[in-house]
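For reference, the structure discussed in these notes is given below.
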Amino acid sequence: MSRALPALAAASALALTGCAGGVSEAGATAGDVTLTVFAAASLADAFEEIGERFEVEHPGVEVRFNVAGSSSLAQQIRAGAPADVFASADEPTMDRAVEADAVSGSPRPFATNVLALVTPPDNPAGIASLQDAAAEGVDLVVCAPQVPCGAATATLAADAGLALAPVSEESSVTDVLGKVTSGEADAGLVYATDAAAAGDAVHAVRLERAGSAVNTYPIAALAHSEHRELAEAFVEFVLGAPGRQVLRDDGFGAP
Amino acid sequence: MTGLDCRVVVPERGVDVAFAVPAGQTLALTGANGTGKSTVLDALAGWLRPEAGHARLNGRTLFTAGTGHDSWVPARHRRVGYLTQDARLFPHLSAEANVAFGLDRAGVVGRAARRRAARAWLERVGVGELAGRRPHQMSGGQAQRTAIARVLASEPQLVLLDEPLAALDAQVVPQIRALLAEVLTGRTTVLVTHHAADAEALAHATHRIARAAPARPPTA
Amino acid sequence: MSITREIPVRPPLALTVVGVLGGAALLLPFVALVAGVDLRRLPRLLTSPEALDALWLSLRTSLTATAVCLVLGIPLALALNRLDFPGRSLARSLVLLPLVVPPVVGGIALTEAFGRRGLVGEHLHALGIEIAFTSAAVVLAQVFVSLPFLVVALEGTLQTRGEAHERTALSLGASPARTFLTVTLPLMGPGLLAGTVLTFARALGEFGATITFAGSLQGTTRTLPLQVYLERETDPEAAVALSLVLVAVALAVITLAYGRRRVRLP
């Protein structure tokens with residue numbers, strides 16, 4: 001205790017004198033403005049990267065992300081959460097934010113995602129198609145119809161004329177993926193981007209008519225944002241060349 | 001030989017006591033607090049295993065310890081009844097059911113027979129009319145009478161009494177003491193007490209435990 | 001009859017004020033929950049096929065889990081309280097582990113143990129026994145998280161009761177089995193009731209381990225909490241209504257477990 005005291009005194013003296021000049025400098029780069037972006041869970045990796053690039057082009061701005069299921073985010077926004085930008089995984093969910101007059105202007109589509117069929121790496125049930133996954137005795141896990149990836153699943157199945165008999169309807173893509181990577185399930189329907197991000201942890205099966213169920217991701221600046229211009233700038237950035245490139249690298253399609 | 005012959009050695013409590021009780025007689029065990037009177041009873045009842053010593057009851061070995069070939073009869077096979085100062089009746093059972101609890105060992109078989117036997121015992125200790133009562137509906141004296149009936153109904157070959165009158169109201173003490181004197185007649189009994197009056201009224205002989213050497217800590 | 005009143009030792013006023021704030025923090029969310037329900041829609045929200053399936057499944061699995069907990073928990077509490085074995089205090093702490101670990105972690109641990117590729121599950125799978133995605137998985141998750149509640153409650157009771165009555169029974173010649181059935185078990189009474197009720201409540205509220213380990217399918221694994229979580233996505237009002245059911249059950253349970261305590265003490 002007594003030995004720590006002089007050290008503490010020295011440190012505070014340093015803070016008061018030597019570093020005084022540095023504080024304002026550091027302040028400029030650490031972010032005078034914080035931009036809060038609510039992004040659908042499937043966008044997490046891509047938006048992290050886009051955010052970093054945006055910060056480089058806009059010194060003094062810090063971009064923070066709140067990543068969750070689109071429906072949860074829409075609900076938080078309707079409840080008045082302090083967000084500047086909302087990027088949803090599907091249009092119906094964005095529409096709910098629009099209906100609540102939470103959106104400034106109209107939302108713009110910036111990416112698309114399709115479903116992918118994944119199995120554990122060793123593909124124990126020998127699944128080669130959606131038909132195989134729909135067969136009896138196969139433990140198929142999908143998203144519940146209430147969430148965007150589940151709505152896409154329903155569309156895909158209807159297009160293929162198949163009645164899926166899942167053993168579980170999960171509330172999020174992450175839960176579907178988890179059940180497949182742990183080997184609990186024989187197959188799962190997730191977004192192509194999630195399948196890509198999972199890498200070797202899953203085996204991806206090509207879906208012939210994956211394009212029949214395309215999720216379009218809309219983005220919008222929010223009405224009660226305190227940094228409206230910056231929010232608009234972020235939306236433009238996502239829609240522009242830098243954003244498009246990152247999204248493409250992560251497996252998203254162009255709208 | 002019949003009766004009780006024992007030695008109980010529990011070094012960490014500074015206890016080393018040996019005595020014998022002829023069959024059918026009562027021995028009062030007296031001594032200051034902390035001399036290990038209750039420890040001796042616990043060892044005889046089978047609730048505590050002494051480091052050394054032995055106990056033989058009517059020719060049966062209850063335990064031998066510290067000899068190299070130890071033996072140990074568990075409490076439930078000893079036929080040793082234990083009455084403490086608090087009656088320790090089972091709170092969820094009626095007086096009758098409490099007394100009937102020990103009848104199994106006495107070989108009373110069948111519901112009706114057990115009921116009759118339990119009632120008879122309750123009559124004998126003077127609480128026949130309380131057969132249906134729960135312990136919390138009884139006075140201290142009534143509870144202790146029931147406990148006496150319960151212990152004796154199980155037909156023990158040795159009765160241990162640990163300050164059986166200590167927790168009772170002063171005015172009921174003489175009655176319970178008289179009851180004990182009556183029902184213990186002819187039973188091999190060890191009575192732990194502080195009171196000369198109890199020893200005088202109930203015991204044929206008194207063994208006074210001297211203040212022993214200070215307790216040594218248990219050896220590892 | 002004269003009325004005597006003891007003078008209570010009151011805490012300082014400032015502490016009382018903070019204490020009231022603490023109470024408000026606990027109760028306010030529930031008040032808001034009740035206020036958030038449209039009473040006219042309530043009957044329809046609660047009788048949808050999904051809600052009824054979830055409610056029925058929750059009741060079935062929670063009751064089963066409670067029964068399993070009793071069968072496992074009473075011997076466990078006795079062993080921890082009455083047996084002298086090396087590492088007993090460590091064992092007593094380990095029993096609490098599911099209580100303090102986040103439920104998701106519990107779910108992952110259960111998957112590692114009973115999942116198709118898990119330590120035990122692998123062999124079960126080979127025998128043709130599948131646990132994942134069945135109601136049995138829900139029960140397993142519920143037992144895992146609620147068993148500690150029962151064991152803690154029972155251990156407390158055993159501790160306060162002591163062993164005097166059991167010793168008396170043994171000295172009267174009763175076998176260990178008879179002593180357990182006629183003395184130990186009845187004397188556990190109040191603690192057993194409170195523990196059982198809490199165990200049931202915890203099982204009913206189980207969410208994290210279930211969603212991680214058991215999955216979510218209407219009528220099979222989607223219990224009431226999982227249904228609430230899913231409804232929240234599309235129909236927040238239905239989620240609130242179903243939440244209300246869980247709160248009502250919890251309230252009933254707490255009243256049952258603790259409400260009568262004041263009357264009981266001898």
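Quick note on labels: first sequence line is chain A, next is B, and so on, each numbered from 1. Fair warning: this is a prediction, and the values are worked out from it, not measured in the lab.
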message = Looking only at side-chain N and O atoms, does A:E184 offer a donor or acceptor that is under 3.5 Å from a partner on C:T111?
response = no
key: N-O pairing of C:R116 and A:D186 below 4.0 Å   = yes
Checking heavy atoms, do the side chain of [X], its backbone, both or neither come under 4.5 Å from chain C?
| X | value |
| --- | --- |
| A:Q75 | side chain |
| A:P120 | side chain |
| A:A74 | neither |
| A:V141 | side chain |

inquiry  = Quick check for you: among A:D175, A:V176, A:D122, which has the greatest number of heavy-atom pairs under 4.5 Å with chain C?
reply    =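 Sorted descending by pairs with chain C, the first entry is A:D122.
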task = Kindly assign one of parallel, tilted or perpendicular to the pair A:F110 and A:Y217, based on the angle between their ring planes and the thresholds 30° and 60°.
result =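 Perpendicular.
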message = Looking at A:R209, I want to see if its CZ is surrounded by more than 12 non-hydrogen atoms of other residues, nucleotides or ligands under 6.0 Å.
response =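 Result for CZ/A:R209: open.
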key: Over all atoms of both residues, closest heavy-atom pair of A:V138 and A:A133   = CG1-O, 3.7 Å
ask   = For the candidates C:G115, C:G215, C:S216, which exhibits the highest count of non-hydrogen atom pairs separated by less than 4.5 Å from chain A?
value = C:S216
request  = Answer whether the closest heavy-atom distance between the side chains of C:L224 and C:L242 falls below 4.5 Å.
outcome  = yes
request  = Check each atom of C:T212 against the heavy atoms of chain A and say whether the ones under 4.5 Å are side chain, backbone, both or neither.
outcome  = backbone
